Every structure is written in C-alpha cells, then in structure tokens.
Amino acid sequence: MIIVMNNLATEEHIDNVLKKIKEKGLQGTVSKGTEKTVIGAVGDERLLDPELLESLPGVEQALRIVKPYKIVAREWHPKDSVIDIKGHLIGGDHIQIISGPCSVETPDQMEKSANAVKAAGVKLMRGGAFKPRTSPYSFQGSGFDGLDMFRQAADKAGLPIVTELLDVRHLDIFLEQKVDVIQIGTRSMQNFELLKEVGKINIPIILKRGMSATISEWLMAAEYIASGGNHNIIFCERGIRTFETYYRNVLDVTAIPVLKKETHLPVIIDPSHAGGKAWMVAALSRAGIAAGADGLLVEMHPSPCDAWCDADQAINPEELKKLMKELTAIAKILGRSISE
Ligand code: PEP
Ligand code: MN
C-alpha cells in the first residue's frame, strides 16, 4: 500500500502511520520528496484498511497496490478455470448454453421445456422454483413442489438443473434434491450470509451481477464464496440499471472482456433479463458469445404467451434451435465450441 502524507504532515504524524503499519505486521518505508512524503507498506496489505489510515492526521491518501480479491483473481491463477457440471464443461475453450423457463409451473410445462432444451442440443436446464418478484402479490414460484417437478422432468431428459437459491434456509432441501448448479440472483449478490453458506459446499454457483453492482463489488462477492472453499463459480452478467428505459436493463458487454482479464473463472451472460424482450435475445446472445462469454443463461418457454413469469422475454423452442445454430457458427470462428 502507498500512503501519501499531506503538506502539513509532521514527523509525529509519519511515526504514527509507521506504528499502525507495524501493528498489522507490515513493513513501512518512508520516502521524502521536496513537497510530499510517501510511505510504502510492504506485506499482506489486505490486513490494512486504507480508510482507517486516511482517518489519521497528516494522511492525504492511502492506495492499495494489490487487488482486494485473491482466489478469484487471474493475477494468482493465470490459466482459465474449467468447471465441470455433471460432465459438461464450461470455461477455457468450452461454451455452455443453459436454457429453460423463467419459472417452474406444471409437470407438463416442465416436460415440454426439457424436451425442447434437449431437442435444441442444449445440455443444461434452468428453471426457478423460488422467484424474487418485485411485488409480493405476483407469483412467487412453486417452491419445493416446483423443485421436485423440475428434478423429475430434468431427470427424465437427462439434464442437470440450474435453479435460484433465495433463502439460506432452503439450502438443505436444495442439497437433498441434488441441484446441480445453484444460481444466486441479482438481488442476492450482496447477501453475504448466503454467499458464505454456498461457499461451504462444492456445487457450482452462478453468481449474477447485482443490477447496480460495480465490477469490483461483483468480484468481491465471488471472493466471499471462494474464501469458504467453493471455487466453482460462474459469473453471469444479466444487465445493469442505467438511465435508459426502452429496455429492461443494459447488457454490459464491456464487462465480459474486463472480467476475463480480472478473473480466471467462467463468465456467461443472461440476454433475457438484460433486454427483457424475446426479440432482443438472439442479438444480445450473439454479441455475448462474440465478445468472449463462456455461455448463456437464456429463458425459453414451450408457449411463451402462457408463461406465469417473464412471458415477454421468453423465446420459444424453435427460436432456441435457430439460436444454437448461430452460436455454434460464432464459436467456431473463435476457435471454441459449444460443448458436449
Ligand atoms: C432469473 O434468472 O430468473 C432471475 C430472476 O434473474 P435475475 O436475478 O437476473 O433478475
Ligand atoms: Mn425471469
């Protein structure tokens, strides 16, 4: 860490900063310039709080040199991490598409959805049993019955399941139901207690970006999971809030190369919650894969106009098939493949 002292800093102020640095087990070195004094603190700077140092008299600024995240950082793990979801790989050269309805509704809807997912060549299925809705009067998901319906339909089709965990109290049932990938939704990205709990298991986690979260907050949220021991984390960009009201959210395509630079973990996009309309899904999906995303989380319903949740953004089975063909071609140009 670099601590810049202000023009009024006295010897006593400098000594005080050095004392704090030493207390935390780091080593301080003073460099006196003509105008300012700069102190370098060497050691594990994660133990030093820049805000605490900035509150000391005579300190102008305290700047970190090392990134505050460690396990998820590419700095410490240069090679791409590849995550294995029941034999289906994601990351590195492997792209995975995850598709299915926004919410689990009925056994018939789930069976049709699973068949459509399979017919399109998609290997992983999504579906929400617990739905985080803006209004308490909207459909909240079919809960544990829905989870059971999902498990049965997916098992019949031989598809691993991806579903959102909203409440830490549901985790045991998720484990009993052998959920293959746990999704942490945009509203839960900074539910730190939830992050700590999913950090203790070894099931892959899809960590969606908070709708107003910075890249650094998102990486730190992933670090919460990783620091508990679970390194199977997949980042999912699902659109952020901006001043624009034409579409539901803005798909932050820029986040894809930035995240790929900062972390070794896979990065996918959710074109459905980004655009919020079915007709935008293909264009956003193509953009995401072209920009280097490792996959998609895309909403598909066997009959979109009958969907109980997010009907306007669900693509239909035929559209999913067409999209898969387009994405396969884009992946090939990039020397990658939509994996088995
Ligand atoms: C979802 O994927 O069904 C969902 C609720 O997404 P988000 O958390 O991105 O809003
Ligand atoms: Mn949805």
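Counting convention: from 1, in listed order, for ligands and their atoms alike. These numbers were taken from a predicted model, which means no experiment stands behind them.
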- Task: Please work out whether the ring planes of Trp308 and Phe139 are parallel, tilted or perpendicular, with thresholds of 30° and 60°.
- Result: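 The rings of Trp308 and Phe139 stand perpendicular, inter-plane angle above 60°.
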
- Can you find an N/O atom of Lys131 closer than 3.5 Å to an N/O atom of ligand 1?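 N/O-N/O distance below 3.5 Å exists for this pair.
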
Quick one: which ligand 1 atoms are inside 4.0 Å of a heavy atom on [X]?
| X | value |
| --- | --- |
| Arg126 | 1 (C), 2 (O), 3 (O) |
| Glu164 | 5 (C) |
| Gly185 | 8 (O) |
| Arg238 | 7 (P), 9 (O), 10 (O) |
| Glu299 | 3 (O) |

- Measure from the side-chain N and O atoms of Asp294 to the backbone N and O of Ile95, and report whether any donor-acceptor pair falls under 3.5 Å.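 No, the answer is negative, given that no donor and acceptor are paired below the 3.5 Å cut-off.
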
- Task: Using modelled atom types only, decide if a donor and an acceptor are shared between the side chain of Gln140 and the backbone of Ser138 within a distance under 3.5 Å.
- Result: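 Present.
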
- Query: For the Mn ion (ligand 2), which N, O or S atom of Glu299 is at the shortest distance?
  - Reply: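 Looking at Glu299, the N, O or S atom with the least distance to the Mn ion (ligand 2) is OE2.
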
- Shortest-distance N, O or S atom of Asp310 relative to the Mn ion (ligand 2):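 Sorting the N, O and S atoms of Asp310 by distance to the Mn ion (ligand 2) puts OD2 first.
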
- Task: Look at atom CD of Gln27 and say whether more than 12 heavy atoms of other residues, nucleotides or ligands are closer to it than 6.0 Å.
- Result: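 Open.
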
- Item | NZ (Lys322) with more than 12 external heavy atoms under 6.0 Å |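 No, NZ of Lys322 has 12 or fewer neighbouring heavy atoms, counting only those of other groups under 6.0 Å.
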
- Check Val267, Ile85, Val162 against Ile234 for a side chain to side chain contact (heavy atoms under 4.5 Å, CB included) and give me the one that passes.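 Only one option passes, and that is Ile85.
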
For [atom], what is the nearest protein heavy atom, given as residue, atom name and distance?
| atom | result |
| --- | --- |
| atom 8 (O) of ligand 1 | Thr186 N, 2.9 Å |
| atom 6 (O) of ligand 1 | Lys208 NZ, 2.9 Å |
| atom 4 (C) of ligand 1 | His273 NE2, 3.4 Å |

- Query: Any chain of hydrophobic side-chain contacts (each under 4.5 Å) joining Val66 to Ile215?
  - Reply: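 Looking at the clustering, Ile215 is in a separate group from Val66.
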
- Query: Counting backbone and side-chain atoms alike, does His273 have an N/O/S atom under 2.8 Å from the Mn ion (ligand 2)?
  - Reply: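 Checking His273: at least one N, O or S atom is under 2.8 Å.
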
- Test item: Lys70 and Lys67 side chains (from C-beta on) under 4.5 Å apart, heavy atoms: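 No, too far: nothing below the 4.5 Å cut-off.
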
